[in-house]
Amino acid sequence: MCSIMGYCGSSAALSKFQEGFSQTVSRGPDDSRIIDTGMGLLGFHRLSIMGLTPSGMQPFSLDGSYVVCNGEIYGFEKLKEELSAKYTFHSDSDCEILLPLYREYGIEMFAMLDAEFACIIYDGETKEYIAARDPIGIRPLYYGYDENGVIVFASEAKNLVGLVKRIMPFPPGHYYKGGEFICYCDIAEVDTVCFDELETVCRNIHDKLVAGVEKRLVADAKVGFLLSGGLDSSLVCAIAAKKSSQPIKTFAIGMSEDAIDLKYAKEAADYIGSDHKEVIITKEDVLSSLETVIHLLGTFDITTIRASMGMYLVCKAIHEETDIRVLLTGEISDELFGYKYTDFAPDAEEFQEEAKKRIRELHMYDVLRADRCISVNSLEARVPFGDLDFVKYVMSVNPEIKLNRYGKGKYLLRHAFEGDYLPDEILWREKAAFSDAVGHSMVDYLKEYAEDFYTDEEYDSLRQKYTHARPFTKESLLYREIFEKYYPGQGEMITDFWMPNKSWKGCDVNDPSARVLANYGDSGK
């Protein structure tokens, strides 16, 4: 991960910019630079992943134009080779190709990229700023307008607190130019439905996910893997193990007393032959980290916070005890193939609409969690299930065959990897939510802590302060109050609480955990 920031006007106050930018130095601890473009400021904190020499430091420049980018551009070597006929490159960094690409193709370049990225470009010829974000929003970007009406972009909301009036997420799949946000890719929208038969679909799912993992193994820094023992992370690790000449390094986390996933993570690790490490946490670890986690996340969402507790603590251990710089994770599978609650979808059309909604909102929930928990520990997240080709294909598949009519959720994904990737006990295991699987006790401790924090009268009174996403439990109130401490008045950054679709029969629940659903079954065993 890296951190970028841009003040897009000539009235910039360097000291205020520096103060805001300093809030995310952990995203890029290797080097920092702020430049004056003559029409504003661009800042870059570097975490060296590709092109580890000083020549890879940003901002990159080209004839008076500048760019800062937090991203990974897959297959950049081919683009670089094509551009080399006209342009001279000085580093091995993938992001150095962006200004030549912009010079050749303008804003059309964004749709050309196979990348997870957020970037800010200063065009020296037109004296204007252009910014853009990848179609899923895997790399973060926020914006707001200061008292002079100047737009300011930054990797995280905490960079902008006190600098702008209202902080909002930069919409994924958009670019900003001439004062407007313009969509260049709505990845959730399907132009043509794919009616391939089931075996063809599963073969394509297999091949595209393997390709998505393989391209994310390329790094000049050391790579590790988060392994929960659930289907998604286990598949990522299994594919990587097959593609690697040395045993991969995997990490799992669980509560000291009832970690559901640790035994499954170890079973998967033993099967694929990984160098595996367990991180054990306690009630005290969880409760003492709560405020830190909410501050680093910049959200009040219950699901995101619960699931971030374990992820933050395992990444903290990886940062403190290893020299790994890149982590592959299993996010985005659920949004594509279904949650426990999507078993209640009334029909294929509603299943597809729910998937579209979740994909479009990912940047506020699961993707946000992975980015912040990993980057605050000076690591980079890579998300194979978020591979653009993979996502586009799965979203295009006829939703009739994605419905759970097989007696097992995510059937297409499981069937696609039957064989020698994973033991059947892992491949066909019922899904357990990550926050629950770290240990049911962890969620229970958080809920108990919140129950004891407020009286019923305090809860009823304090929740009325909020008109947007009003807290509906003591736990949600506690998280909102901590959020407001660090991001006062910025609640609209988050659309709402992540919850099952309450309009569906069986999903009108008051807790986001799949544990409260009638079909949870053996998921927690």
Side-chain angles (χ1 to χ4, degrees), residues 136-137 169 171-173 186-190 193 299-307 331-369 391 394-413 430-436 443 447 459 463-464 466-477 479-480 491-521 523-524:
I136 294 173
D186 179 0
I187 200 164
E189 195 59 54
V190 175
V193 177
T299 189
F300 49 76
D301 177 60
I302 304 163
T303 304
T304 306
I305 292 166
R306 287 178 181 176
E331 276 75 27
I332 308 182
S333 170
D334 290 334
E335 289 78 10
L336 294 169
F337 294 100
Y339 295 87
K340 295 297 288 187
Y341 84 85
T342 54
D343 286 358
F344 294 94
D347 53 43
E349 184 179 357
E350 290 227 27
F351 179 98
Q352 184 73 6
E353 287 303 310
E354 191 72 8
K356 287 162 66 173
K357 178 180 186 292
R358 292 304 182 196
I359 290 293
R360 288 172 180 149
E361 294 180 349
L362 261 170
H363 66 104
M364 290 182 284
Y365 302 110
D366 276 14
V367 162
L368 179 148
R369 165 174 56 85
V391 172
V394 178
M395 287 300 292
S396 75
V397 168
N398 177 12
E400 290 287 350
I401 70 169
K402 288 187 280 190
L403 285 172
N404 184 5
R405 291 181 174 143
Y406 313 93
K408 184 71 68 173
K410 296 187 178 180
Y411 177 80
L412 299 183
L413 182 61
E430 285 287 349
K431 177 177 173 55
F434 177 60
S435 54
D436 290 329
V443 173
K447 293 167 75 170
Y459 164 68
R463 67 186 289 268
Q464 300 302 326
Y466 305 105
T467 55
H468 173 74
R470 177 169 286 159
F472 58 97
T473 62
K474 289 183 180 179
E475 182 187 12
S476 62
L477 175 62
Y479 298 166
R480 184 60 175 272
E492 291 184 16
M493 290 193 302
I494 301 95
T495 299
D496 204 345
F497 295 101
W498 191 107
M499 293 289 287
N501 189 328
K502 288 177 175 287
S503 69
W504 293 350
K505 185 178 179 180
C507 295
D508 189 8
V509 293
N510 68 348
D511 191 292
S513 171
R515 269 200 282 167
V516 304
L517 298 174
N519 66 337
Y520 194 60
S523 297

Margin query: If we ignore hydrogens and angles and just use 3.5 Å, is the side chain of N510 paired with the main-chain N or O of T473 as donor and acceptor?
Written below: no
Checklist line | Side-chain H-bond candidate by donor/acceptor type, S503 with N501, under 3.5 Å | finding: yes
Margin query: One pair to check against side-chain contact (heavy atoms from CB on, under 4.5 Å): K447 and K474. What are the steps and the verdict?
Written below: CA-CA 8 Å; K447 293 167 75 170; K474 289 183 180 179; over 6 Å; no
Notebook entry, point to check: Does any non-hydrogen side-chain atom of M395 lie less than 4.5 Å from one of I187?
Noted result: no
Next item on the list: Please check if the side chain of K502 supplies one atom and the backbone of V509 the other of a donor-acceptor pair under 3.5 Å.
Entry: yes
Next item on the list: State the NZ-CG distance between K402 and L412, to the nearest 0.5 angstrom.
Entry: 8.5 Å
Check: Closest approach of N398 and V193, non-hydrogen atoms and distance?
Finding: CA-CG1, 3.8 Å
Next item on the list: Using the side-chain contact (heavy atoms from CB on, under 4.5 Å) rule, take L413 and S333 through it: C-alpha gap first, then chi angles, then the decisive distance, then the call.
Entry: CA-CA 9 Å; L413 182 61; S333 170; 3.5 Å; yes
Checklist line | Any side-chain donor near an acceptor of the partner, Y341 and E354, under 3.5 Å | finding: yes
Next item on the list: Grab the two heavy atoms, one from G506 and one from L517, that are nearest each other, plus how far apart they are.
Entry: O-CD2, 3.6 Å
Next item on the list: Run the numbers on F344 and N404 for side-chain contact (heavy atoms from CB on, under 4.5 Å), then give the verdict.
Entry: CA-CA 9 Å; F344 294 94; N404 184 5; over 6 Å; no
Next item on the list: Taking all heavy atoms of P471 and all of R480, pick out the closest pair and write down the distance.
Entry: CG-CB, 4.1 Å
Notebook entry, point to check: When rounded to the nearest 0.5 angstrom, what distance separates CG in D347 from CD in E353?
Noted result: 10.0 Å
Item checked: Pair F300 and W498, ring centroids less than 6.0 Å apart -> no
Item checked: Heavy-atom closest pair, residues H363 and I136 -> CB-O, 3.8 Å
Check: Of all heavy-atom pairs between Y406 and I401, which one has the smallest distance, and what is that distance?
Finding: OH-O, 2.7 Å
Next item on the list: Calculate, to the nearest 0.5 Å, the distance between atoms OG1 and CG belonging to T342 and L403 respectively.
Entry: 8.5 Å
Note to self: Under a 3.5 Å cutoff, is there a donor and acceptor pairing between the side chains of E361 and Y365?
What the structure shows: no
Checklist line | Rounded distance (nearest 0.5 Å) linking atom CZ of R463 with atom OG of S476 | finding: 8.0 Å
Notebook entry, point to check: Does some side-chain heavy atom of R369 sit less than 4.5 Å from a side-chain heavy atom of I305?
Noted result: no
Check: Roughly how far apart are I494 CD1 and L368 CG, rounded to 0.5 Å?
Finding: 8.0 Å
Notebook entry, point to check: Can R358 and D334 be counted as an ion pair, charged N to O under 4.0 angstrom?
Noted result: no
Note to self: I need the E430 CD to K410 NZ distance, nearest 0.5 Å.
What the structure shows: 11.0 Å
Notebook entry, point to check: Should D366 and T304 count as side-chain neighbours, where that means a heavy-atom distance under 4.5 Å?
Noted result: no
Check: Is the centre of the W504 ring less than 6.0 Å from the centre of the F351 ring?
Finding: no
Next item on the list: List the atom of P399, the atom of A348, and the distance in Å for their closest heavy-atom pair.
Entry: CB-O, 3.6 Å
Check: Between R360 and E189, is the closest basic N to carboxylate O distance under 4.0 Å?
Finding: yes
Next item on the list: Could you tell me whether D511 and R306 make a salt bridge, using a distance below 4.0 angstrom between a side-chain N and a carboxylate O?
Entry: yes
Check: Quick check, are the ring centers of F337 and Y411 under 6.0 angstrom apart?
Finding: no
Next item on the list: Report the C-alpha separation of L477 and F472 in whole Å, then their side-chain angles, then the decisive distance to 0.1 Å, and conclude whether the side-chain contact (heavy atoms from CB on, under 4.5 Å) test is met.
Entry: CA-CA 7 Å; L477 175 62; F472 58 97; over 6 Å; no
